[in-house]
2 protein chains.
Amino acid sequence: MSDETMVRARTRRAILDAAVLTLSQNHGASLGDIASCAGVGRTTLHRYFADRSELTKALSKHVLERIETATVRAVLAEGPVPQALERLCQEYFELGDIMMFMFADPDVMGGPEWKEPTPSDHALLKLVERGHSDKSIDPEATPLWVQQVMWAMLFAAWQHTRENNVPKHQALSLCLRSLRKAIAA
Amino acid sequence: MSDETMVRARTRRAILDAAVLTLSQNHGASLGDIASCAGVGRTTLHRYFADRSELTKALSKHVLERIETATVRAVLAEGPVPQALERLCQEYFELGDIMMFMFADPDVMGGPEWKEPTPSDHALLKLVERGHSDKSIDPEATPLWVQQVMWAMLFAAWQHTRENNVPKHQALSLCLRSLRKAIAA
DNA sequence: CCATAGTGGAACAGAGGTGTTCCACTATGG
DNA sequence: CCATAGTGGAACACCTCTGTTCCACTATGG
């Protein structure tokens, strides 16, 4: 796994990134579309991922990893709860294509690793509980609901930039403001 | 168009409803899937909609109509702004499959009638402006952003019932509460 | 220089969806 | 009763995507 050549690692990464980008725009894209988006022959794609299901599996793992590292970077355990949640949103907002890809292609989130809570889920759970303790989060808002609302708001922000040609920073600003108010005590 | 037999009108409606239901769950469903979900032969489906693009077109129109009637029922011009928005959310929430279908199948929203603002869009625009006038809506929240957030919250609520087995009334209650707070002044 | 890793393209068979035609069946109003 | 509207299913050719095989090409380190 990790004893791959530099070249192979780079190609592998290029294919995964291209898959995210292509599928985020066109859910029904063919493997040929993905390959050419990655600047790679379809044959080469099959050398790295034998069939579509394997690509999907790797893609799922790839997305999870990106989310995990983004969550870690937000250091949710530190500072006031509202600010921590804001940092998390900013990190997730940066993921961009990854996010829209998740919404556009629900099949990828069908694996067993998406059913059970990830470390990210746990970190957010703890954060919300902390917010309940120090009265900074609406007691009616359960951790699961906060999570749903956060992703929905991020989706809204990206959609806002796409459809209404709003600059990213402005969309993010609106997103953070609305989310903060929505779940405030 | 309107001089259809009762039988044909019923079958046509059954196919459209089945298409919404099927495609909301499985974006890549085949025409055969849709036909059998409607309790109809694939041949019959082709009698009503020559090819897939015609079905998509009719589906787009169907969805728009459902949204329009829901908007009308919310009588946005009457009563306090927050309550009016709440009524709108409740009406949209009732659409259920229609909503999730829209998010699951962006292709349907690609037609020209989705680019330019619909009567529903206009009604919501006026409502938000009224909310700005009487200080009941956050002045930073533009009509377009309010719209994005509303749909995102509705999506979150439906997702919340699907994934977390939360009763619909509870999800709707959370949705209304969070939306109200998010865009309040 | 050359052995090897990495790649692209052509070609193939298989699977599944699509659109069409044709025929047999059922129900319903005149 | 029977003519007609409405339907379902089988069969068909067509298309696209898929997964695979095979061969020729390029680059790079020893």
Side-chain angles (χ1 to χ4, degrees), chain A residues 1-62 101 104-108 110-111, chain B residues 1-62 101 104-108 110-111:
Chain A
M1 175 66 80
S2 61
D3 57 349
E4 261 186 337
T5 313
M6 285 298 181
V7 184
R8 282 190 68 84
R10 270 173 42 86
T11 306
R12 184 184 196 83
R13 176 59 181 262
I15 293 175
L16 285 176
D17 286 340
V20 168
L21 179 61
T22 307
L23 293 175
S24 72
Q25 293 164 356
N26 173 19
H27 169 54
S30 69
L31 297 184
D33 294 336
I34 295 173
S36 65
C37 172
V40 130
R42 193 166 64 88
T43 312
T44 299
L45 190 150
H46 276 104
R47 279 195 193 97
Y48 287 79
F49 308 99
D51 51 24
R52 194 178 188 108
S53 72
E54 276 201 28
L55 175 61
T56 302
K57 214 189 312 172
L59 221 38
S60 168
K61 196 176 166 192
H62 182 237
F101 161 68
D105 196 341
D107 310 341
V108 175
Chain B
M1 176 66 82
S2 62
D3 57 349
E4 261 186 339
T5 312
M6 286 295 180
V7 183
R8 282 191 67 86
R10 270 172 41 86
T11 306
R12 185 183 195 83
R13 176 60 181 261
I15 293 175
L16 286 176
D17 286 340
V20 168
L21 180 60
T22 306
L23 292 175
S24 72
Q25 293 164 356
N26 174 19
H27 168 55
S30 68
L31 296 184
D33 294 336
I34 295 173
S36 64
C37 172
V40 130
R42 193 167 64 91
T43 312
T44 299
L45 190 150
H46 275 104
R47 279 197 192 94
Y48 287 79
F49 308 99
D51 52 22
R52 195 180 188 109
S53 72
E54 276 202 27
L55 175 60
T56 302
K57 215 188 311 173
L59 221 39
S60 168
K61 197 175 166 191
H62 182 239
F101 161 67
D105 196 340
D107 310 341
V108 174

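Quick caveat, the model's predicted, so the values are computed rather than measured. Here is the naming used below: chain letters follow the sequence lines, and residue numbers restart at 1 for every chain. Scope of the values below: all heavy atoms of this structure, side chains included, with no hydrogens, waters or symmetry mates.
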Sugar-phosphate only, base, or nothing, as touched by Y48(A) at under 4.0 Å among non-hydrogen atoms: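 Here Y48(A) touches the backbone only, sparing every base.
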
Sugar-phosphate, base or nothing in reach of G39(A), heavy atoms under 4.0 Å: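 Touches sugar-phosphate only.
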
Looking only at atom types and distance, does a side-chain atom of [X] sit under 3.5 Å from a main-chain N or O of [Y], one as donor and one as acceptor?
X	Y	result
D17(A)	V20(A)	no
D33(B)	S30(B)	yes
S60(B)	T56(B)	no

If you define the side chain from C-beta out and look only at heavy atoms, does anything of [X] sit under 4.5 Å from [Y]?
X	Y	result
L21(A)	I34(A)	no
L59(A)	F101(A)	yes
E54(A)	Y48(A)	no
H27(A)	D107(A)	yes

Nucleotide-resolved protein contact map, nucleotides 11-19 of chain D, B/S/- at heavy-atom distance under 4.0 Å: B-----SBB

Stepwise side chain to side chain contact (heavy atoms under 4.5 Å, CB included) check, V108(A) with L23(A): CA-CA 11 Å; V108(A) 175; L23(A) 293 175; 5.7 Å; no

Nucleotide interval of DNA chain C bounded by contacts with chain B (heavy-atom cut-off, under 4.0 Å):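 From 5' to 3', the first and last contacting nucleotides are dG17(C) to dT21(C).
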
Worked check of side chain to side chain contact (heavy atoms under 4.5 Å, CB included) between R42(A) and H46(A): CA-CA 6 Å; R42(A) 193 166 64 88; H46(A) 276 104; 3.7 Å; yes

Intra- and interstrand pairs of DNA chain D - dot-bracket, Watson-Crick/G-U under 3.5 Å, | marks other strand: ||||||||||||||||||||||||||||||

L45(A) side, atom CG; R12(A) side, atom CZ - distance, nearest 0.5 Å: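 Going from the CG atom of L45(A) to the CZ atom of R12(A) covers 10.5 Å.
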
